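A short write-up of the structure that comes next.
Side chains included, hydrogens not; waters and symmetry mates left out as well; all remaining heavy atoms used. Bear in mind that the values here come from a model prediction, so they are computed numbers and not experimental data.
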Amino acid sequence: MKKKLVTIITCIAMAMAVSVFFAACGSKEDENSGATTVEFYMPDGAPALSAAYLMSGEGSFSENANVKVNYNVVDSSLINTYVTGSSPKADVCILPVNAAGQLLGSGETYTLLGTVTHGNLFLVSAATDTGAVDITSDNLDALVGKDVGVLNLSAVPGMTFEVILNDAEIPFNIVDNDGERSDEAVNLYAMSGPGEVLAYGYDYGVVAEPAMSLQVASGNLVQRGSLQELYGGESGYPQAVMVAKNSLIESDPTFIDELVAAMKEGSEWLLADTTDMSVVYKAVEDNLASGLSPTFTEANLSTTVIENCAINFVDAADCKDEIKTFLDKYTVVNGVEYTLTDGFFYGA
C-alpha cells in the first residue's frame, strides 16, 4: 500500500514539474492580463519615429487584448545585440538593412516584414563656408579633392555614400588616422556627430535627420544635398527594415498582419495636419532606454523633419528585389557577402 502511495505521489510531482516546464517554455504572458508580451526594439531617430503611431496608442492596434507590446527605443549602436545570440531579446525589431541581411538573411530565426525608412542622410557644410555649393547628381564631381566627414563611416551612412560615388565612377579615399588625403579623390573621414563638421573644418559632412535639423536651425550648418536624390530620385533606398521572430509569426499571424497595417497607418499619421508633434515626441521619449536622450527635440520636430526621414512602410514582397540590389552594391564597396534566402522575405 505504501509503495502504491509513493508511486502516486511521484507521478503527481512529475506531472506538476512537466506542466511548469512547458509553461516556462511557452510565449511570455503578462501576469495581470494573460496577454502575450511582445518585445519591440528600435534605434532612436527615424526608426523610432516610424513606430511613434504605435507607441502613442493613437490607432486601433493598441486595442488588441491578446498581445501586450513593450516598446524599447535604444542606442543605435546596440541594436544588433537584440537580434543575436542564442536567445535574442527582440520579438520584433527595426534595424539597418545591411545588418538584417548579414545577421538574419538565412531566415532561420527572423523574417523581414518590410522596409520602414528609405533614407535620411544629407550633405551639409558649415554655414560660414562661402565656397561650398549645393551638390546634385550633375555636379557630384565637385567633391573631388574635398574633405567630407561621414557620420558612421563604416556603417550605413558611409557605405551608402560610397555606393553613390562608386555608381558615378567618382574615386574616394578613406583617410584613417595614418592615411593621406588625395586631391584626385573624395576624402572621407569617420565622424561621430554633425558638430565635427565645424570642429575639424571639413568641407562637407554626411549627417542624418532628425539630428541634422537641430544644427541647421541653430545656424551652424547648411543643407547642401540629399543622398536619397543622389542615389536615384524620390524613392531613395531601403535603409531601415522591420523583422519579426519566426516563432511569433507562426503563433500569431493575425498580430503580424495588424502590426504591418499599423505601421502603414503610422506613415500617413505622421504627416497628417491633425497630428500633434508633441504627441509624436512624447511617444518616443516615453519609451527611451534609461539614460538615453532623443536625437531630436520637441521644438524642432516638424513635418519637414519627418519628410526628411522618408518613413514609408513597404511590404517585404514589394521591396525584395530592391533590397537585394542595394546590398549587392554594398558588397562592391565593403566586400561583405549578404546571403538572403527567399524565405527571409515575408509573403514573397
Quiz item: Does any donor atom in the side chain of Ser213 or Glu209 lie under 3.5 Å from an acceptor atom in the other side chain?
Solution: yes
Exercise. Could you tell me whether the side chain of Val148 reaches within less than 4.5 Å of the side chain of Phe172, counting heavy atoms only?
Key: no
Practice problem: Could you tell me whether the side chains of Thr111 and Asn246 share a donor-acceptor contact shorter than 3.5 Å? | Solution: yes
Self-check item: Arg181 and Asp183 ion-paired at < 4.0 Å
Solution: yes
Quiz item: Is there side-chain contact between Met242 and Thr115, with heavy atoms separated by less than 4.5 Å?
Solution: no
Quiz item: Within a radius of less than 6.0 Å around CD of Glu268, do more than 12 heavy atoms belonging to other residues, nucleotides or ligands occur?
Solution: no
Self-check item: Residue pair Tyr330 / Thr160, side-chain donor-acceptor N/O under 3.5 Å
Solution: yes
Quiz item: So which pairs with a foot in residues 194-206 pass side-chain hydrogen bond (donor to acceptor under 3.5 Å, both in side chains), sequence neighbours left out?
Solution: Ser192-Glu196
Self-check item: Option from Val284, Val305, Val280 for which side chain to side chain contact (heavy atoms under 4.5 Å, CB included) with Phe296 holds
Solution: Val284
Exercise. State, yes or no, whether a side-chain contact exists between Ser106 and Thr339 at a heavy-atom distance under 4.5 Å.
Key: no
Quiz item: Any luck finding a side-chain donor-acceptor pair between Ser226 and Gln228 under 3.5 Å?
Solution: yes
Quiz item: What pair of heavy atoms forms the shortest contact from Lys324 to Asp342, and how long is it?
Solution: NZ-OD1, 3.4 Å
Practice problem: Taking all non-hydrogen atoms of both residues into account, name the closest pair between Pro96 and Val156 and its distance. | Solution: CB-CG2, 3.6 Å
Exercise. Search all heavy atoms of Val97 against all heavy atoms of Pro238 and return the closest pair with its distance.
Key: CG1-O, 3.2 Å
Quiz item: Tell me, which pairs form a ring-ring contact (aromatic ring centres under 6.0 Å, His included) where one or both residues lie in residues 76-112, sequence neighbours left out?
Solution: Tyr41-Tyr82
Exercise. List in chain and number order the residues that pass side-chain contact (heavy atoms from CB on, under 4.5 Å) with Lys264, two or more places apart in sequence or in another chain; answer none if no residue qualifies.
Key: Val260, Phe313, Asp315
Quiz prompt | Contact check, side chains of Leu123 and Leu227, non-hydrogen atoms, under 4.5 Å | solution = yes
Quiz item: Do side-chain atoms of Asp321 reach the backbone of Cys319 as a donor and acceptor pair under 3.5 angstrom?
Solution: no
Quiz item: Applying the side chain to side chain donor-acceptor pair (under 3.5 Å) test to Ser125, which of Lys146, Arg224, Gln223 qualifies?
Solution: Arg224
Quiz item: Does Ile94 belong to the same Ile/Leu/Val/Met/Phe/Trp/Tyr cluster as Val69, with side-chain heavy atoms less than 4.5 Å apart forming each link?
Solution: yes
Self-check item: Beyond-backbone contact of Leu49 with Leu301, side-chain heavy atoms, under 4.5 angstrom
Solution: yes
Exercise. Measure up the Phe326 and Tyr231 rings against each other and bin them: parallel (under 30°), tilted (30 to 60°), perpendicular (over 60°).
Key: perpendicular
Exercise. Test Phe161 against every option in Leu151, Val206, Leu153 by the side chain to side chain contact (heavy atoms under 4.5 Å, CB included) rule and name the one that passes.
Key: Val206
Practice problem: Is it possible for you to say whether Val243 and Leu78 belong to one hydrophobic cluster, with membership spreading through side-chain heavy-atom contacts below 4.5 Å? | Solution: yes
Quiz item: Are any non-hydrogen side-chain atoms of Ile323 and Leu327 less than 4.5 angstrom apart?
Solution: yes
Practice problem: Quick one: pull up CG in Asp167 and CG in Leu140 and give me the separation to the nearest 0.5 Å. | Solution: 10.5 Å
Practice problem: Flag yes if Phe40 and Leu270 sit in one hydrophobic cluster, no otherwise; membership is Ile, Leu, Val, Met, Phe, Trp, Tyr, and two members link when side-chain heavy atoms are under 4.5 Å apart. | Solution: yes
Quiz prompt | Under 3.5 Å side-chain donor-acceptor pair for Asp257 and Thr254 | solution = no
